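Notes follow once the structure below has been shown.
Being a predicted model, the structure only gives us computed values, none of them experimental. For this chain, numbers begin at 1 and follow the sequence in order.
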Amino acid sequence: MQHTSKLPNVGTTIFSTMSSLANEHNALNLSQGFPDFGSDQKLIDLVNKAMNSGYNQYAPMAGNLELREAISKKIELLYNTTYNPESEITVTAGATQAIFTIINTFINANDEVIIFKPAYDSYEPAITLNGGKSIAVQLKAPDFSVDWNRVKQKINSNTKMIIVNTPHNPSGSVFSKEDMLQLQMLTTGTNILVLSDEVYEHMIYDDEKHQSTCLFPDLKTRSFVVASFCKTFHNTGWRIGYCCAPQELMKMFMQLHQFNVFCIHHPTQKGIADYLKEPKHYLELPEFYQRKRDMFLDLIKGSRFKFKPSKGTYFQVLDYSEISREYDVDFAKRLTKESKIASIPLSVFNENNLDNKVLRFCFAKTDDTLKKAAEILIKI
């Protein structure tokens, strides 16, 4: 029997490659984006309570109503705008499922989707599976800023969607208010949809404000906002996220969602709904992670790596150009094998594998882990 894959050129992801290499060489793993500390025991207790209280059957297809109401209240508190919990919010199996379903709902053969590179690696495969075409706009290092004139040049009658990601993974940059106004200006009066990946919305530093698409009236009318509780509450294995959009867009999303996962783990939804009753659980996150970022950077300030402090996410990009001229993938692998520390090279997410001589390190780690990592990096 002979079969052909719909994604014949997709191999093992760099995340799997680097984590496998880290395991093989007993290296400190700062490559994949997951904390090495636990969730709040209170949240775990609330999920257990939900299980013991009978929340063990199917949740409503759009998600537990209490959770959708809590999400709506959170958005109103943070951004002074609202989404109807009955018709404009859906709980999903992590942000990745939301992203995949949005693209699957709206992208058809020959539709063009503008993405900013380096781009999270789930965008392009979903576009390809639906016959669409990814149109790359390379962010400009070292700040990973957007050339909006370049974006304007890429827009044409085939442009169906623009995917934005802020705070940005893997670079740690954030979109400014001016960036969002430029995006709004370019899409106003068009049929272009915006998919706004805002998974790291609660991890933004130095008194910056997260510029959600829902803050901008015209953008909100054409946008899906995608977010994640997995990243927010340190439990990436729970795979629970959500998306928000105007009712007419969400109705189309639900047509596919019902045949994909239908609904999400019910007791987790109930537990998170109860946990969100105390806004401090997400309002305190910027301070929590900025302390870790600052500690990590202070510990490595005597190294030969160059850096600009991450503006968001829990990733820090380090420039190794004064250490080696190796291709970043090769350098990352060598550091894992020889220095016993794993990171992620950014070229694999760039247009034409552009190599800016930078590696991404995750600082969502215990203080002890960050101290061990710094000891290694100082010696390189």
* Asked: Would R360 count as a cation-pi partner of F315, with NZ or CZ less than 6.0 Å from the six-membered ring centre and within 45° of the ring normal?
  -> yes
* Asked: Hey, does the Lys NZ or Arg CZ of K365 hover above the aromatic six-ring of F34, less than 6.0 Å from the centre and inside 45° of the axis?
  ->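 Pair K365/F34 counts as cation-pi.
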* Answer yes or no: is there an ion pair linking K292 with E287, defined by an N-O contact shorter than 4.0 Å? =>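 Looking at K292 and E287, the cut-off is not met.
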* Just do the side-chain contact (heavy atoms from CB on, under 4.5 Å) check on K231 and M203 with the steps written out, would you? => CA-CA 9 Å; K231 297 292 195 301; M203 300 167 205; 4.2 Å; yes
* Under the side-chain contact (heavy atoms from CB on, under 4.5 Å) criterion, do Q269 and E66 qualify, and how do the steps go? -> CA-CA 8 Å; Q269 293 190 59; E66 291 176 79; over 6 Å; no
Set of residues satisfying side chain to side chain contact (heavy atoms under 4.5 Å, CB included) with respect to [X], sequence neighbours excluded:
X    : result
S171 : F144, H168, S173
E375 : none
H281 : D40, K42, F233, Y275, E278
I300 : F296, L297, S303, F307, L318, A374, L377

* For Y282, what residues pass the ring pair (Phe, Tyr, Trp, His ring centres under 6.0 Å) criterion, not counting sequence neighbours? ->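 Result, ring pair (Phe, Tyr, Trp, His ring centres under 6.0 Å) vs Y282: H202.
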* Check which hydrophobic residues are tied to F253 through side-chain heavy-atom contacts below 4.5 Å, counting indirect links as well, and list them. => M61, I99, I102, I103, F106, I107, V113, I115, Y120, Y123, I127, M161, I163, L193, L195, F224, V226, L249, M250, M252, M254, F262
* Taking side chain as C-beta onward, heavy atoms only, is T92 less than 4.5 Å from V261? -> no
